[in-house]
Amino acid sequence: MQNERGIVLGIETSCDETAAACVARGRNMLSSVVSSQIEVHRKFGGVVPEIASRRHVEAIIPVIDQALNEAEVTLAGIDAVAVTYGPGLVGALLVGLAAAKGLAFAADIPLVCVNHIEGHIYANFLAHAELDPPVLCLTVSGGHTELVAMHGHGRYEVLGRTRDDAAGEAFDKVARVMGLPYPGGPALENLARSGDPNAIEFPRARVEGRPLDFSFSGLKTAVINYLHTSEQKGARIDYPDVAAGFQRAAVDELVSRIGPCVRATGIRKLAVSGGVAANGALRAALGGLVAELGIEVFCPPLPLCTDNAAMIASAGYYGLAGGRMSGLDANAVPGARLEDVSSEGYGSLS
Ligand code: KG4
Ligand code: ZN
């Protein structure tokens, strides 16, 4: 880093949030601007990729300007640009990448491409100054559900991941069939508050031969079948009970994998991240693990749980410190996996 302050400008456009942020030395958040498209996509019940790309194009420059202004820096005061290259929607990712490359070229500063899941993990390093690897990371969002042992900065071992739907996706799909607005997670949690989590027993999944993997599609189907069967019979449906029963099963599915991971790795710190980490029932269940497993649980504040660019800037800072840098020919990788970060670095991006 040329500059004493080590400021990285982070850019995130992988889904429906246009975000930019300035972070000093990977930990000190100087600004974090998030322009959400939720209202635009709500009437379609989910993110429409083409609309998302167009909105990113409109928002990206004003959002970057605002992030620089709020951090009270100009482009000349930025040391590097970090940008999400995947996983995500290809058209959406390309908007952030094009902006990041343009700025890195114009300011003649390094560009570093960041994996979005890695970004979510780094939200915890922004929020908890005392946190350092090794740490277990549970990343639960609309697009991914991963349980990762982070052995050092940029060194990840994926212990388990979902075989089908992501946790947030299951919340969103179940919410949708119950007529709740998009995004379904917060709406479903809200409805579940007035329900009895033990009134309806929904199934928990086990993935044959892969005990640390997750599966949410069976649970989602069980809820949908329950609703349809009740409707066909003309039975009264207690929606808060359905929401609470689903949420309990989903939270159980997530939390039940933690003990085996702690025992297998000996790592006694758990960092939770991603949009579903905003869920109060999940936070409460994880809190219960502190005494049960003798571990420390870290969770970022809500604005850092969901998509933001400060987490990308933080991951980018540590990536650069570890010698990673991307060329101006870096491309979006919609299906990027966390394993690619440690095994091949970013040099292989074409
Ligand atoms: O991390 P995020 O903002 O975007 C992705 O990278 O996917 O996560 C969004 C997801 C959505 O599926 C949303 O429904 C879910 O996080 N979510 C929640 C809650 N708040 C957001 N799920 C359950 N309970 C919540 N309170
Ligand atoms: Zn995300």
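Remember, it's 1-based here, ligands and their atoms both numbered in the order they're listed.
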How far is [atom] from its nearest protein heavy atom, and which residue and atom is that?
{"atom": "atom 18 (C) of ligand 1", "answer": "G185 CA, 3.6 Å"}
{"atom": "atom 2 (P) of ligand 1", "answer": "D307 OD1, 3.5 Å"}
{"atom": "atom 24 (N) of ligand 1", "answer": "N279 ND2, 3.0 Å"}
{"atom": "atom 15 (C) of ligand 1", "answer": "V276 CG2, 4.0 Å"}
{"atom": "atom 7 (O) of ligand 1", "answer": "G142 N, 2.8 Å"}

| message | Under 4.0 Å, counting heavy atoms only: does Q247 come that close to any atom of ligand 1? | response | no
Paired with F246, the side-chain contact (heavy atoms from CB on, under 4.5 Å) test is passed by just one of L191, V223, I200, D241, namely V223
Do [X] and [Y] sit within salt-bridge range, that is, some charged N less than 4.0 Å from a carboxylate O?
{"X": "R324", "Y": "E118", "answer": "yes"}
{"X": "D132", "Y": "R27", "answer": "yes"}
{"X": "E201", "Y": "R248", "answer": "yes"}
{"X": "E339", "Y": "R161", "answer": "yes"}

Rounded to the nearest 0.5 angstrom, the CZ-CE distance for R155 and M150 is 9.5 Å
Quick note on ligand 1: atoms under 4.0 Å from a heavy atom of G168 include exactly 12 (O)
Measure up the H153 and Y318 rings against each other and bin them: parallel (under 30°), tilted (30 to 60°), perpendicular (over 60°). parallel
Return yes or no for this condition: an N or O of [X] is under 3.5 Å from an N or O of ligand 1.
{"X": "D172", "result": "yes"}
{"X": "G143", "result": "yes"}
{"X": "E189", "result": "yes"}

Looking only at non-hydrogen atoms, the one of G275, G280, P87 nearest atom 16 (O) of ligand 1 is G275
Distance flag, aromatic centroids of Y317 and Y122, threshold under 6.0 Å
no
